[in-house]
There are 2 protein chains.
Amino acid sequence: MHMQLLLVENICHKLQESLLSSNSGYSNYRGILNWCVVMLVLSNARLVLENLIKYGILVDPIQIISLFLKDPYSWPALCLIIVSNVFIMAALYIERKLSVVSCIHYVSLHLATVYCDLYVICLVCKFWGVFSGCVSVGGVMALGVFTVLFLKLYSYRDVNKWCRESRRAKARTLSRSHSSNGTAGYTHVNYPGNLTHRDIYYFIFVPTLCYELNFPRSPRIRKRFLLRRLLEMLFLMQLMIGLIQQWMVPTIQNSMKPFQDMDLSRIVERLLKLAVPNHFIWLIFFYWYFHSSMNFVAELMQFGDREFYRDWWNSETIPYFWSNWNIPVHKWCLRHFYKPMLVKGVNKFTAQLAVFFMSAFFHEYLVSVPLKMFRLWAFLGMMAQIPLAYFVGRFLRGNYGNAAVWMSLIIGQPIAVLMYFHDYYVLHYGNAAEGVAA
Amino acid sequence: MHMQLLLVENICHKLQESLLSSNSGYSNYRGILNWCVVMLVLSNARLVLENLIKYGILVDPIQIISLFLKDPYSWPALCLIIVSNVFIMAALYIERKLSVVSCIHYVSLHLATVYCDLYVICLVCKFWGVFSGCVSVGGVMALGVFTVLFLKLYSYRDVNKWCRESRRAKARTLSRSHSSNGTAGYTHVNYPGNLTHRDIYYFIFVPTLCYELNFPRSPRIRKRFLLRRLLEMLFLMQLMIGLIQQWMVPTIQNSMKPFQDMDLSRIVERLLKLAVPNHFIWLIFFYWYFHSSMNFVAELMQFGDREFYRDWWNSETIPYFWSNWNIPVHKWCLRHFYKPMLVKGVNKFTAQLAVFFMSAFFHEYLVSVPLKMFRLWAFLGMMAQIPLAYFVGRFLRGNYGNAAVWMSLIIGQPIAVLMYFHDYYVLHYGNAAEGVAA
């Protein structure tokens, strides 16, 4: 047996190809994913350490709290938010009026449009007055709240209008539609019955922009789920603030000099250095806002539809990304902007372009008003998505398309951030810098 | 129809969970791999740019060629390689003698052991004499050649011994074994017929360490395959040299100061900074040596068994990595060290430990002799694999185990590199540095 063992050992080679040769047919590179993760963790651990050695600890939670408390502009912003209730009430009472005097069609359209547009104008005027100082956290929040409110009330007006129209249609044909989508345990609400304070405020607080008479409701509030989302919210909030203070701010400040000197290779280096923290913060923001916060609010309100995002991380084309990362806005655009345009006879491509234009306008609006600079970088950034989408859709498939989408996200954002910061810096500290240079 | 469209639009929410909620059952994160790749590419693009801005272009192919040509120690190394033919001839003639006077068993064992051990001692002595100067590329290569030769001749001796033993066994039992493993087109060789110059030199040049009387042969030399491997060899060689000159050398030089000051956080930062280029160079080296070069030589020699590595990148335990990344050495250890020990009655665990000890010895030997420093860092590095293997095998499974293996590779190597470089630096420039410090 001993001899046989040795004889068998004699033969230790056999005809075969190397695994990495293309004709070996081997394709299990599952370990590469782990390699990527480990390399990313280590690379970023080094960056964190380098940052700490260079700058020490810059994180200061007190600074943020004091920004909220001491900032003289955050109180007017709070007032503005309280004022928003006036618009909500106006919307409700106008709709109640319209539900009764349904024949006066032109009045309905007119009034409905007015109350929507009115406060947007108010808003802009007010803000231009209030923001005489620097960028205010409270101001940005108020602006966000008003924008959301505008979209919600627009949806509220549209749905109520559709209900009136269908009621008229029904009255004419005498047919009854049995479209019931209420969840068991909740009474099904029909058209004029929905015009209550409770109903409109539920819609205002619920994390969706599309009004519906009978929202799907979750059966109960899961306490553990609620607690986990709350802890995530608090932790990620702190993490984001810490990363901005520790990583973004010094990097942006360091990139001002290359920008002023127009030293191209250093600008690119700074841009790539900024891209990493910016992207991480964006990812954390995404999770914090679209998963933790929205789920928290939805759980609290027993709102059933938790589809606040779809699998945009797998998107292989630019349009797929834009229509899947922010589902509330996407749904709103589809329901209240894109489809009504199609109904009015606009062709598909024009309607898509119009949606993009509107989206670009809102991006610019949300950045420019608080910064008090109309520079169109955000607008141009959004517009640049159109040729990019064409290029990616035309030439890249599968994983390459996905990589291109990621690339545009990781690189595109910091370009816009640097542009705004540069202009803001030049506007506010430009003369001082020139003085130093002279 | 228009009305119906609007009515359908009325219902736009349904009861569902967010994708990232654990109870959504969603698990398609294929895009994350692309994200990792994009992030790695961008992070490293930045590092490359930073490096170029900081140091300019340091790559200098002439430097390497001049190192080969001008280095006065590379010629003795070449002589040593030529001298190695003496050992090959000695091995062949001793085996021929033994095949005839097979009865004198003790002579065989004695002589065989002697010729193996003899030149190892010679080698060490010679090298200690030759390498009176600094580290020499030619010297490292000669050392490598001699180590490979030692392992090959050891295998040659063992296999011939087994053949003699089996011949005797056959003569005793009068049974004939029909173990034929020759490939069609080549004549099958039996024991004493293999003791030719052609046969031993074929074995010496073929990329394996295990001797066999009838190697599997590939049917023909594929010219395209050969050319591709050759181009890979030349390109990757240049790439490695370039990366070392441009990335490794400045990083190591910059890490000397923190090491002398024993500034822990900076040492860790430097270590992580070194880990990235070191790991990339190791990966390129792996591909260059185990895929391109070995396949090139094998194709040229029509050697059939191309399994020079297995899928170590998927390894979930440390032993799996060690037994799959370097198949020629692994096969040799198994065939000529581990299994003979088992046959002699050593228990499995002790045999495994012995293999590890031998491996650690060779690692230390290949590093220490050219550097002329016995510091045991490589030996300790290899020995540290044992507790690490225990820890990983005990506590980590699947992807976590794989990540731990990668981590040990990425972090472990630069620690050893820095240790040796530090000691080498202190030994050669330490006094100068102290002089400057004083």
Side-chain angles (χ1 to χ4, degrees), chain A residues 2-3 6-7 9-20 28 30-40 42-43 45-46 49-50 53 162 166 169 181 210 212 215-216 265-266 268-269 272-273 275-276 291 295 304-308 311 313-314 331 335 343 399 402-403 406-407 410, chain B residues 2-3 6-7 9-20 28 30-40 42-43 45-46 49-50 53 162 166 169 181 210 212 215-216 265-266 268-269 272-273 275-276 291 295 304-308 311 313-314 331 335 343 399 402-403 406-407 410:
Chain A
H2 169 160
M3 281 298 138
L6 290 176
L7 269 175
E9 287 312 303
N10 243 338
I11 304 149
C12 75
H13 296 93
K14 66 172 191 280
L15 201 66
Q16 58 191 331
E17 288 287 343
S18 297
L19 290 185
L20 293 176
N28 181 4
R30 163 175 68 75
I32 305 300
L33 175 59
N34 295 312
W35 176 78
C36 286
V37 172
V38 169
M39 283 296 279
L40 270 181
L42 288 181
S43 304
R46 191 188 74 77
L49 199 62
E50 192 187 37
I53 289 170
W162 295 337
S166 87
N181 67 319
C210 293
E212 203 175 317
F215 286 112
S265 59
R266 273 179 201 279
V268 173
E269 196 267 334
L272 289 174
K273 184 142 196 173
V276 176
H291 188 73
N295 262 307
D305 190 352
R306 306 294 170 85
E307 194 189 45
F308 308 120
D311 63 335
W313 45 85
N314 295 336
K331 261 187 188 154
R335 195 186 187 212
V343 167
N399 286 339
N402 186 224
W406 278 116
M407 191 80 90
I410 297 171
Chain B
H2 170 158
M3 280 298 138
L6 290 176
L7 268 176
E9 287 313 303
N10 243 338
I11 303 148
C12 75
H13 296 94
K14 66 171 189 279
L15 201 66
Q16 58 191 330
E17 287 288 341
S18 297
L19 290 185
L20 293 176
N28 181 6
R30 170 175 63 75
I32 304 300
L33 176 59
N34 295 312
W35 176 79
C36 286
V37 172
V38 169
M39 283 296 279
L40 270 181
L42 288 181
S43 303
R46 191 188 73 78
L49 199 63
E50 193 187 37
I53 290 170
W162 295 338
S166 88
N181 67 320
C210 292
E212 204 176 317
F215 287 112
S265 59
R266 273 180 202 276
V268 174
E269 194 266 334
L272 290 174
K273 183 140 198 176
V276 176
H291 189 75
N295 262 307
D305 189 352
R306 307 293 171 83
E307 193 189 47
F308 308 121
D311 62 335
W313 45 84
N314 295 336
K331 261 187 188 154
R335 195 187 188 211
V343 168
N399 285 339
N402 187 225
W406 278 114
M407 192 79 93
I410 296 171

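Order of the sequence lines sets the chain letters (A, B, ...), proteins ahead of strands, with each chain counted from 1. Computed from a predicted structure; not experimentally measured.
For the atom pair Glu17(B) CD and Asp305(A) CG, the distance stands at 10.5 Å (nearest 0.5 Å). We find the CH2-CD1 distance between Trp406(A) and Ile32(B) to be 5.0 Å, quoted to the nearest 0.5 Å. Here NE2 of His13(A) is found 9.5 Å from CD of Glu307(B). Values are rounded to the nearest 0.5 Å.
Most heavy-atom pairs under 4.5 Å with chain B, from the set Asn34(A), Asp311(A), Leu272(A), Asn295(A): that is Asn34(A). Interface check for chain A: of the options Lys14(B), Arg266(B), Met407(B), Met39(B), the most heavy-atom pairs under 4.5 Å are formed by Lys14(B).
Contact annotation for Leu40(B): both backbone and side-chain heavy atoms come within less than 4.5 Å of a heavy atom of chain A. For a residue to count as touching a neighbouring chain, one of its non-hydrogen atoms must lie under 4.5 Å from one of that chain's; by this rule Lys331(B) touches chain A with the side chain only. Contact annotation for Ala403(B): both backbone and side-chain heavy atoms come within less than 4.5 Å of a heavy atom of chain A.
Ser43(B) is linked by a side-chain contact (heavy atoms from CB on, under 4.5 Å) to Val276(A), counting only residues two or more places apart in sequence or in another chain. Looking at residues two or more places apart in sequence or on another chain, you find a salt bridge (Lys or Arg N to Asp or Glu O under 4.0 Å) between Arg46(B) and Glu269(A), Glu50(B).
Nearest heavy-atom pair, Val37(B) versus Cys36(A), reported as atom, atom and distance to 0.1 Å: CG2-SG, 4.2 Å.
Of the possible polar contacts, one joining the Glu212(B) side chain to the Cys12(A) backbone as a donor-acceptor pair under 3.5 Å is found.
Contact annotation: the side chain of Leu19(A) never approaches that of His291(B) to less than 4.5 Å [non-hydrogen atoms, C-beta and beyond].
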